[in-house]
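Every chain is numbered from 1 and lettered A, B, ... according to where its sequence line falls, protein lines coming before strand lines.
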Amino acid sequence: MSATIRWATCSPASGGCKAMRCSTRWAGTPSACRPKMRRWKRRSIPANGRAPISPRCATSSSGSDSRSTGAASSRPANPIITATNRRCSSISTRLASSIARAAQFVKQCQAGGTSAADIETAEKLGYDTGLTARHPFEPEWELPLYIANFVLMDYGTGAIFGVPAHDQRDLDFARKYGLPVRRVIADGEEADPEFAGGEAFSGDGALVNSRFLDGMEIETAKSAVISRAEEEGWGEGTTVWRLRDWGVSRQRYWGTPIPMIHCAECGAVPVPRDQLPIILPEDVDFETPGNPLDRHPDWKHVACPQCGGEAERETDTLDTFVDSSWYFIRFASQPGDKPFDAAAADAWLPVGQYIGGVEHAILHLLYARFMTRALNRMGRIGVKEPFAGLFTQGMVTHETYEAGDGSWLSPDEVTRDGDDWVRVADGSPVTPGRIEKMSKSKKNTVDPDPIVDQYGADAVRWFMLSDSPPERDLEWSEAGIEGAWRFVQRLWRLVADDKSGTGPSTELRTGEDADLDRRLHRTIAGVAEDIEALGFNKAVAKIHELANAIEKAEPSASRAEAVRTLIRLVAPMVPHLAEEAWAKIGGEGLVADAPWPELDESLLVEEEVTIAIQVNGKLRDTLTAAKGASKPDLEKLALASEKVARQLDGSAPKKVIVVPDRLVNIVA
RNA sequence: GCGGACGUGGCGGAACCGGUAGACGCUGCAGACUUAAAAUCUGCUUCCCGUAAGGGAGUGCGGGUUCAAAUCCCGCCGUCCGCACCA
């Protein structure tokens, strides 16, 4: 038999992924997202090569192994191992067709499960083909050729150079089938060709026992292998990219039709341009399982655009990810005659802030970026990255409730009875379960409509913003929404209250309240900062504090101004109430159009500060001092403290640390 | 197994660069108003001892660095999420 096997050897490119690496600013990007995304695409740099194979003669099969420390691979190899599922033209299949036992082996492997658990626990199985491949660098070396179940078809050519001493999988395999294991990378101490033990050495080191590569570091050796293979014309360095798991079509109604017609004579024929877009039928039946388009009585039956004969439409539709991968480009420009206008799209894009759930962060985001880059490379659009900023928000969750018979109950079917939960209908006991993402199957959903009816959209919104930081899950609670509702009421009362001086009479609008002024401007600054960082819960807390302070303050011009400002601060979060309030106090136009309150930075500077007094790092007292008080002054003040004196109990302090405007720490 | 994140009161969560842990909200308790209730308002609410003043402990656990650690370092434990033999 004469054939050529194509094999690959690879270097992991852990820091790679250049083509998909984001050059953009990922404002607020959760760090969790990037590694996740990285794992969904992968780059590696295999050297693909070809080596002639031939039947192994009995004599060389034993002898070849010890000599066959391959130099062709980055980690020089012993056996060549191929995947069991290499496609038609591939070596396994060709071998399999001629060798019955090999065929049986391949079949046996393919019968195994493909689930995660199956793969994980699957034993490494190999089949010795009895063939050898000639080593490209050392033609007299013959490498045994195995078929094995653990080699991935998808990686490179589906055939690899095994490196048993330096790859755990190969080592397991070699030990199982009694193949020699030769050290080709020195681990610092050992350079002996014999490799003992059951643990592969995968660390860094210089190559040994590998002829012309000896002494090189791994990376250097890889390049040397690739350039030599390319010079000699039997192999080349390649970059393999893989974008995982994108099922483009599905048997589903909801999705963009795939514009193809299948004709018995002409094969797959594209739908002519003038018949686009394809409109899906509306009289479809969703009751029966299966694809309603395929079942539809006449929609799929059309004439072939080429021969005019009877033909059928494609009834699969595109996965919704396909269109969500470029809809933002269409959104930016919507010409009637084409998908998008490049100039307009380039002017608008990239999208400033992408906000989505985590599941979008890794899938939709990846596809959208892929699509944009593809369009960019095709010259259809100028932008390379669709989104400048990414933020992934948490999900709304709710406790689950399980009835005695194991079925799930919805929150309005249960009620609290002391410390226990019971069923409203019959008082039977209910077991509260885990707090989970709202889903129909667990019945832990809450219908927003009645809540909006009862409390108003503003209260609902306020609660959602205030409860937890947006990147975390939000646990829906009735008590929480009540609290939000109370605050909304308070805001309104503050505005409606005459004391606020927001009415027509001016007498309440006299006098200054320096404390309130300072707090107001601190709040303006803080809220702006928090909103920009998407820390809405913190912004809400600051607004609460301001509202509390206003309520306590006596009428003054400052107070009236604080109320006016408060309305503008809450406007992004409770827009309806804010507009009402704005109108009530006679604000011009819409508060939505009003500028963000101006900040007086001079009011941010505190005149007095609270100084913590510690003894041995423990807080014992506090005192107020003028801002910027000198270290000796602060020390003197601190030592004058009665509580400090009590702690020191007469002894002199060993050391005093003074941090101006913050604290004094006395080491006793 | 690999990768990532997280761990702070009864709960959701604050705490800037290592500098007063528990802001703000929820819950709960007490009080005011009310014939009563709701609403509203006031106060308290990390835990332990104490009537109190005050004292002690405390940010998953164990160490370390530092005058000072929720925060930095080392080692564990736990929870959640993602991935699946990528040579």
Side-chain angles (χ1 to χ4, degrees), chain A residues 7-13 30-40 42-44 46 73-75 77 81 83 114-120 122 124 148-156 159-164 166-170 172-173 200 202 240 242 244-245 358-359 361-362 434 462-463 466-469 471-475 477-484 486-487 489-490 493 526 529 535 537-548 551 610-622 643 646 653-659 661-668:
Chain A
W7 49 268
T9 179
C10 179
S11 61
S31 52
C33 167
R34 277 199 257 180
K36 264 180 201 163
M37 220 167 21
R38 207 173 288 137
R39 296 177 67 82
W40 280 80
R42 197 180 282 274
R43 184 184 75 153
S44 56
S73 142
S74 54
R75 288 202 172 147
I81 313 165
T114 49
S115 76
D118 287 339
I119 290 168
E120 194 174 337
K124 290 188 175 30
N149 62 344
F150 69 95
V151 173
L152 299 178
M153 175 57 219
D154 296 344
Y155 186 77
I160 56 151
F161 250 103
V163 198
H166 307 288
D167 181 281
Q168 193 59 48
R169 294 157 298 180
D170 292 349
D172 294 344
F173 188 78
S202 56
V240 172
R242 188 165 167 222
R244 201 185 292 254
D245 187 56
V358 253
E359 69 278 32
I362 52 173
R434 284 178 27 166
W462 186 260
F463 166 61
S466 67
D467 195 59
S468 58
E471 70 274 14
R472 286 201 212 172
D473 288 347
L474 170 82
E475 194 191 338
S477 86
E478 197 68 16
I481 186 80
E482 293 231 13
R486 272 203 296 273
F487 184 72
Q489 300 294 315
R490 269 174 67 199
R493 257 181 272 125
E529 204 175 291
N537 58 325
K538 289 193 265 175
V540 163
K542 290 189 174 102
I543 289 170
H544 266 287
E545 286 178 282
L546 176 64
N548 289 347
E551 277 177 347
T610 307
I611 307 287
I613 311 295
Q614 300 178 333
V615 176
N616 290 332
K618 285 196 165 200
L619 183 74
R620 293 299 170 187
D621 201 358
T622 57
K643 289 171 184 168
R646 202 182 310 150
K654 285 188 191 132
K655 193 175 172 186
V656 180
I657 285 126
V658 182
V659 183
D661 297 339
R662 280 209 180 260
L663 59 76
V664 179
N665 188 12
I666 296 158
V667 186

Using Watson-Crick or G-U wobble geometry with both distances under 3.5 Å, which nucleotide pairs with [N]?
| N | value |
| --- | --- |
| rA5(B) | rU79(B) |
| rG19(B) | rC67(B) |
| rC26(B) | rG10(B) |
| rA36(B) | none |

query: Going by the angle between their ring planes, with limits at 30° and 60°, are F487(A) and H544(A) parallel, tilted or perpendicular?
result: tilted
Rounded distance in Å - [atom1] ([X]) to [atom2] ([N]):
| X | N | atom1 | atom2 | answer |
| --- | --- | --- | --- | --- |
| K655(A) | rU66(B) | NZ | P | 10 Å |
| K643(A) | rA53(B) | NZ | P | 11 Å |
| F487(A) | rU40(B) | CZ | P | 13 Å |
| E551(A) | rC41(B) | CD | P | 6 Å |

Using the [atom1] atom in both, what is the distance from [N] to [M], to the nearest Å?
| N | M | atom1 | result |
| --- | --- | --- | --- |
| rG13(B) | rC67(B) | C1' | 31 Å |
| rG4(B) | rC76(B) | P | 15 Å |
| rG22(B) | rA70(B) | P | 12 Å |
| rC73(B) | rA84(B) | C1' | 33 Å |
| rA21(B) | rU40(B) | C1' | 32 Å |
| rC17(B) | rG56(B) | C1' | 31 Å |
| rU45(B) | rG9(B) | C1' | 10 Å |
| rC44(B) | rC81(B) | C1' | 40 Å |

So, using side chain to side chain contact (heavy atoms under 4.5 Å, CB included) as the criterion, who are the partners of [X] when residues are at least two apart?
| X | answer |
| --- | --- |
| A541(A) | none |
| E545(A) | R519(A), K542(A) |
| K618(A) | R620(A) |

Which atoms of nucleotides 56-60 of chain B (N or O only) lie under 3.5 Å from a protein N or O atom, and what are those distances?
residue, atom, partner, partner atom, Å
rG56(B), OP2, R620(A), NH1, 3.0
rA57(B), OP2, K618(A), NZ, 2.4

V667(A), nearest nucleotide to its side chain (from rU40(B), rG12(B), rC67(B)): rC67(B)
Heteroatom pairs (N/O) under 3.5 angstrom, protein to nucleotides 28-32 of chain B:
none

query: Does atom CD of E529(A) have more than 12 heavy-atom neighbours from other groups under 6.0 Å away?
result: no
message: Distance check, rounded to the nearest 0.5 Å: I481(A) atom CD1 versus R486(A) atom CZ?
response: 11.5 Å
- prompt: About how many Å separate CD1 of I611(A) and OG1 of T622(A), when rounded to the nearest 0.5 Å?
  reply: 10.0 Å
- request: Report the C-alpha distance between N616(A) and V667(A) in whole Å, list the side-chain angles of each, state the deciding distance to 0.1 Å, and finish with yes or no for side chain to side chain contact (heavy atoms under 4.5 Å, CB included).
  value: CA-CA 5 Å; N616(A) 290 332; V667(A) 186; 3.9 Å; yes
- prompt: For rG9(B), is chi within 90° of 0 (syn) or not (anti)?
  reply: syn
Syn-anti status, with the boundary at 90° from 0, for the nucleotide rC17(B): syn
message: How close do N537(A) and S466(A) get, counting heavy atoms only, and between which atoms?
response: CB-O, 3.4 Å
message: Using a 4.0 Å heavy-atom cut-off to protein, can you give one letter per nucleotide of nucleotides 18-25 of chain B, 5' to 3': B if the base is in contact, S if only the sugar-phosphate is, - if neither?
response: -BB--BSS
- request: Run through N665(A), V664(A), L663(A) and flag the one making a side-chain contact (heavy atoms from CB on, under 4.5 Å) with V658(A).
  value: V664(A)
message: One pair to check against side chain to side chain contact (heavy atoms under 4.5 Å, CB included): N548(A) and R490(A). What are the steps and the verdict?
response: CA-CA 10 Å; N548(A) 289 347; R490(A) 269 174 67 199; 2.5 Å; yes
